[in-house]
There are 2 protein chains.
Amino acid sequence: MGKTDLNNWQAVQAEVLRRIHTRIWVPGELIPTEQALAQEFGCARATVNRALQAVSDAGLLERRRKAGTRVALHPVRKAKLDIPILRQEIEGLGHRYGYHALISQTQTPPQTVQTQMQADVGDTFLRVKSVQSADGAPFVFEDRWINLTTVPTAAQADFSQISANEWLVINAPFSHGEIAFSALNADAEVAAQLVVQQGAAIFVIDRITWDENRAVTSVRQFFQAGYQMQTRL
Amino acid sequence: MGKTDLNNWQAVQAEVLRRIHTRIWVPGELIPTEQALAQEFGCARATVNRALQAVSDAGLLERRRKAGTRVALHPVRKAKLDIPILRQEIEGLGHRYGYHALISQTQTPPQTVQTQMQADVGDTFLRVKSVQSADGAPFVFEDRWINLTTVPTAAQADFSQISANEWLVINAPFSHGEIAFSALNADAEVAAQLVVQQGAAIFVIDRITWDENRAVTSVRQFFQAGYQMQTRL
DNA sequence: GAGTGGTCTAGACCACACA
DNA sequence: GTGTGGTCTAGACCACTCT
């Protein structure tokens with residue numbers, strides 16, 4: 001046996017991936033138990049477990065107690081997306097970041113927004129529209145609702161100076177959120193703010209964040225035409 | 001001390017998240033060492049480590065050897081995206097899945113595609129255009145290039161019967177990939193295939209997959225107008 | 001040099017899902 | 001019941017990076 005032991009979980013992971021890619025382990029088939037692999041690889045079962053969990057997280061293995069571990073038939077590819085923090089993204093590219101508030105006023109949201117945010121009767125809302133720019137060119141137009149009943153201190157914030165996003169990150173903790181990506185044609189307002197033609201295809205992010213069961217904020221961001229959001233598989 | 005010990009890593013994680021959300025631990029500040037927390041929580045250091053790693057993966061903590069663990073100043077939100085497998089997504093919604101190949105022929109890709117795929121001189125390519133539908137209504141129009149030098153067996157595949165994606169999943173392993181999301185206006189061809197007006201905003205996914213350093217396939221998918229891709233934070 | 005997180009080990013017990 | 005993965009423990013050593 002000239003075979004060297006695999007003494008760390010990355011090595012085990014690499015070997016597991018190799019066996020999947022080269023079809024030594026066929027999709028749908030059971031692979032050996034952790035115990036068997038630990039023996040074969042000459043390491044502890046916990047090390048094998050760590051490696052298999054990582055591969056399972058990536059969507060290539062399906063694990064169930066008692067049933068064992070099998071190679072995924074339909075490897076749902078799970079991509080990890082870093083939601084961009086615009087200031088960082090812009091400054092990281094060597095551009096000058098700019099922020100400009102358009103409006104900031106209490107207002108009653110349309111029914112669709114109220115439903116999404118599961119607003120109670122009597123909740124009041126702050127609407128903030130703003131543009132963020134790179135080297136003076138508009139980059140993102142943002143339309144945001146903040147639930148003042150959840151975050152009362154937002155009423156005193158000066159959103160002409162600080163972006164709502166940065167203020168909220170500092171002052172309004174949230175427990176979870178939902179995010180959706182889509183494409184929309186620029187309407188007159190979006191076209192004007194982003195300086196594109198009406199009807200141009202715009203990449204849109206909708207986000208709602210919650211603190212436990214109370215909606216904190218709902219925001220729709222319109223990205224400059226041509227914007228791409230990238231990641232790796 | 002009515003305090004009960006935290007005897008599993010999820011409980012530790014919950015307590016850590018609580019301290020971050022309630023600002024007991026302030027962004028930018030160091031938190032206690034794993035050893036100290038293990039003592040406080042009455043569990044093993046490995047358990048604390050597991051919990052802190054999970055929170056760190058979520059982007060809320062930044063950990064460095066020797067420097068310690070601190071609460072992230074700019075919590076880059078990392079979302080886990082499940083790249084949709086269309087057949088599953090459509091059938092999961094209770095619709096009838098359909099696949100229809102439009103063309104499948106060897107062809108020379110435009111320069112941009114060749115560059116993206118880092119094609120060598122002499123590489124030959126198969127182009128496959130297809131439409132996938134839900135209950136007969138077009139859902140996705142797909143334009144794909146397959147590198148026949150990397151995957152020679154694809155030349156014999158019958159893409160009028162099986163979708164290129166499913167064939168590749170079964171027959172062409174890949175090691176990694178890149179994916180990008182954007183918005184485009186429908187051109188004449190896209191509009192015709194998706195039965196939408198020209199210029200309609202279309203959600204687009206571009207994907208390139210690699211087997212080691214050789215490009216396997218490059219695909220652009222145009223989604224029906226109004227499509228949203230959703231996930232949680 | 002020294003302190004922190006990263007990982008491995010060996011053993012143990014538990015939870016779950018299958019027969 | 002029984003076998004599998006999921007997790008915890010206590011201890012140990014290592015790798016990195018800061019001073």
Side-chain angles (χ1 to χ4, degrees), chain A residues 3-17 19-20 25-73 75-76 78 80, chain B residues 3-17 19-20 25-73 75-76 78 80:
Chain A
K3 200 165 189 177
T4 48
D5 285 352
L6 306 179
N7 52 350
N8 61 55
W9 71 266
Q10 288 96 337
V12 173
Q13 185 189 41
E15 174 61 14
V16 168
L17 289 175
R19 293 187 183 187
I20 294 174
W25 291 340
V26 181
E29 292 286 299
L30 278 175
I31 73 173
T33 65
E34 296 186 347
Q35 216 168 19
L37 290 173
Q39 198 166 357
E40 182 191 343
F41 295 153
C43 66
R45 183 168 80 92
T47 307
V48 174
N49 181 280
R50 180 85 156 86
L52 293 186
Q53 282 214 6
V55 179
S56 174
D57 280 349
L60 289 173
L61 289 176
E62 286 172 2
R63 324 191 70 204
R64 290 217 312 275
R65 285 160 151 138
K66 166 71 178 173
T69 300
R70 50 183 74 236
V71 181
L73 263 179
V76 177
K78 301 187 178 180
K80 284 186 182 170
Chain B
K3 200 165 187 176
T4 48
D5 285 352
L6 305 179
N7 52 350
N8 61 55
W9 71 266
Q10 288 96 336
V12 174
Q13 185 190 39
E15 173 61 15
V16 168
L17 290 175
R19 293 189 182 185
I20 295 174
W25 291 340
V26 181
E29 292 287 297
L30 277 177
I31 72 173
T33 65
E34 294 187 349
Q35 218 167 20
L37 291 173
Q39 198 166 358
E40 181 190 346
F41 295 151
C43 64
R45 183 168 80 90
T47 306
V48 174
N49 181 280
R50 180 85 157 83
L52 293 186
Q53 283 215 6
V55 179
S56 175
D57 281 348
L60 290 174
L61 289 175
E62 286 171 1
R63 324 190 69 203
R64 288 219 310 277
R65 283 160 153 140
K66 166 71 179 174
T69 300
R70 50 184 73 238
V71 181
L73 262 178
V76 177
K78 301 189 177 177
K80 282 187 182 173

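Order of the sequence lines fixes the chain letters, A, B, ..., with proteins taken first and strands second; residue numbering starts at 1 for each chain. No hydrogens, no waters, no symmetry mates; every other heavy atom, side chains included, goes into these values.
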Query - Neighbour count >12 (heavy atoms, 6.0 Å) for atom CD, Gln35(A) - result: no
Query raised in the report: If you count the non-hydrogen atoms of other residues, nucleotides and ligands that lie under 6.0 Å from CD in Gln10(A), is the total more than 12?
Result: yes
Requested in this report: Among Arg63(A), Glu62(A), Glu34(A), Glu29(A), find the residue that satisfies the side chain to side chain contact (heavy atoms under 4.5 Å, CB included) test when tested with Thr69(A).
Outcome: Arg63(A)
Report summary line: Here the pair of heavy atoms bringing Leu73(B) nearest to Gly28(B) is CG-CA, 3.9 Å
Query raised in the report: So how far is it from Thr47(A) OG1 to Leu52(A) CG, rounded to the nearest 0.5 Å?
Result: 10.5 Å
**Report entry** Rounded interatomic separation in angstrom, taking CG from Leu37(A) and C1' from dT4(D)
**Finding:** 13 Å
Query raised in the report: Does any nucleotide pair with dG11(D) by Watson-Crick or G-U wobble geometry, both distances under 3.5 Å, and what is it?
Result: dC8(C)
Query raised in the report: Can you give one letter per nucleotide of nucleotides 5-14 of chain D, 5' to 3': B if a protein heavy atom sits under 4.0 Å from the base, S if only from the sugar-phosphate, - if neither?
Result: BBBSB--B--
